[in-house]
*Asks:* 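Pasting a structure here, questions to come.
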Amino acid sequence: MPKGPLDLGLTLGPLRRGPADPTFRATADGSVWRACRTPAGPGTLRVRAQGGEVLGEAWGPGAAWLLEQLPELLGAGDDPEAFVPRHRLVALARHRRPGLRLTRTGLVLESLIPSVLEQKVTTDEAYRAWRRLVRRFGEPAPGPAGVGERPMWVMPAPRTWALIPSWEWHRAGVDDKRASTILRAVRVAARLEQAVGMPADEARTRLEVVPGVGPWTSAEVVQRSHGAADEVTVGDLHLPGIVGWALAGDREADDAEMLRLLEPYAGQRHRAARLILLSGHVPARRKPKMRRVDIGLL
């Protein structure tokens, strides 16, 4: 397990796609549950902190893989001490969140598909689509998480994604462009999963070979699959303004200005951005929210 403080919620939180994500659950006893499709098959993982230790349990064909991967998932390969705050706000955020680690899942497709669903739509729309598609075409999570009133689900296998009818994408509120990107990705799923063995920048290059996967999406993936401390999300609607406001009082900052402001954190720019977001120091909203359009009702 990683040395030093560990906050399970902060570390694993980026893997959760909305409060009702059927593949992720945090329970009142402090446990975090994940239902995954691993290279060995479906698996369910429960992680909890107890008496200064972190305990993991797993079920299903992917259980052994999940337990073997657990240290990396909890940030054992991360090096928070390499981060040197250059701004008071960032230093304060780090002081208040000492248990933040950058997770490394070792899985590509489970982050790629929901990231594609989040392209150019509200997060609520993307989360709804993810929930509907996983519950309809996935399979119950192995072990105790897969039963009861609110069972967890493992996302569909690549071949199952490829066989989803066009009208089901429509009912889930997913337009043809995003659906087509996912279909292209699952056809080369094995090649994409191999990217976990590459450096993050090379992995992004491989991901971006898939039409419809650009810099925004590839960054969102490797931040999770690789625990990539330096890969910044560009092309985001809100992040440049948040970083600009936090570091320079510039709410109109664009991607270029955001990257300039993050230059002092070279090698750790993603961690710096995470800490800025966790600081809660964001500019007041001046523009209306993106209008939600549910194409499933058209």
*Asks:* So F83 and Y265, side-chain contact (heavy atoms from CB on, under 4.5 Å) or not? Walk me through it.
*Replies:* CA-CA 8 Å; F83 183 76; Y265 299 103; 3.4 Å; yes
*Asks:* Looking only at heavy atoms, which two atoms of R274 and L102 are closest? And how far apart?
*Replies:* NH1-CD2, 4.3 Å
*Asks:* Considering only heavy atoms from C-beta outward, does the side chain of L45 approach that of V32 to under 4.5 Å?
*Replies:* no
*Asks:* Against D230, only a single residue in R271, H270, R269 fulfils side chain to side chain donor-acceptor pair (under 3.5 Å); can you say which?
*Replies:* R269
*Asks:* Report the residue from E110, E139, E193 that forms a salt bridge (charged side-chain N to carboxylate O under 4.0 Å, His left out) with R37.
*Replies:* E139
*Asks:* Atom NE2 of H238 and atom OG1 of T233: how far apart are they, to the nearest 0.5 Å?
*Replies:* 13.0 Å
*Asks:* Taking Y127 as the fixed residue, which of R132, R17, R16 is the one that meets the side chain to side chain contact (heavy atoms under 4.5 Å, CB included) rule?
*Replies:* R17
*Asks:* Could you state whether L117 and W216 fall into the same hydrophobic cluster, counting links through intermediate Ile, Leu, Val, Met, Phe, Trp or Tyr residues with side-chain heavy atoms under 4.5 angstrom apart?
*Replies:* no
*Asks:* Using the ring centroid of each side chain, check whether W59 and W33 are separated by less than 6.0 Å.
*Replies:* yes
*Asks:* If every non-hydrogen atom of V196 is compared with every non-hydrogen atom of G106, which pair is closest and at what distance?
*Replies:* CG1-O, 3.4 Å
*Asks:* Is the closest side-chain heavy-atom distance between L277 and L239 below 4.5 Å?
*Replies:* yes
*Asks:* If you round to the nearest 0.5 Å, how far is CG of L247 from CZ of R260?
*Replies:* 9.5 Å
*Asks:* Is atom CD of E208 surrounded by more than 12 heavy atoms (other residues, nucleotides or ligands) closer than 6.0 Å?
*Replies:* yes
*Asks:* Are R178 and D175 close enough for a salt bridge, meaning some N to O gap below 4.0 Å?
*Replies:* yes
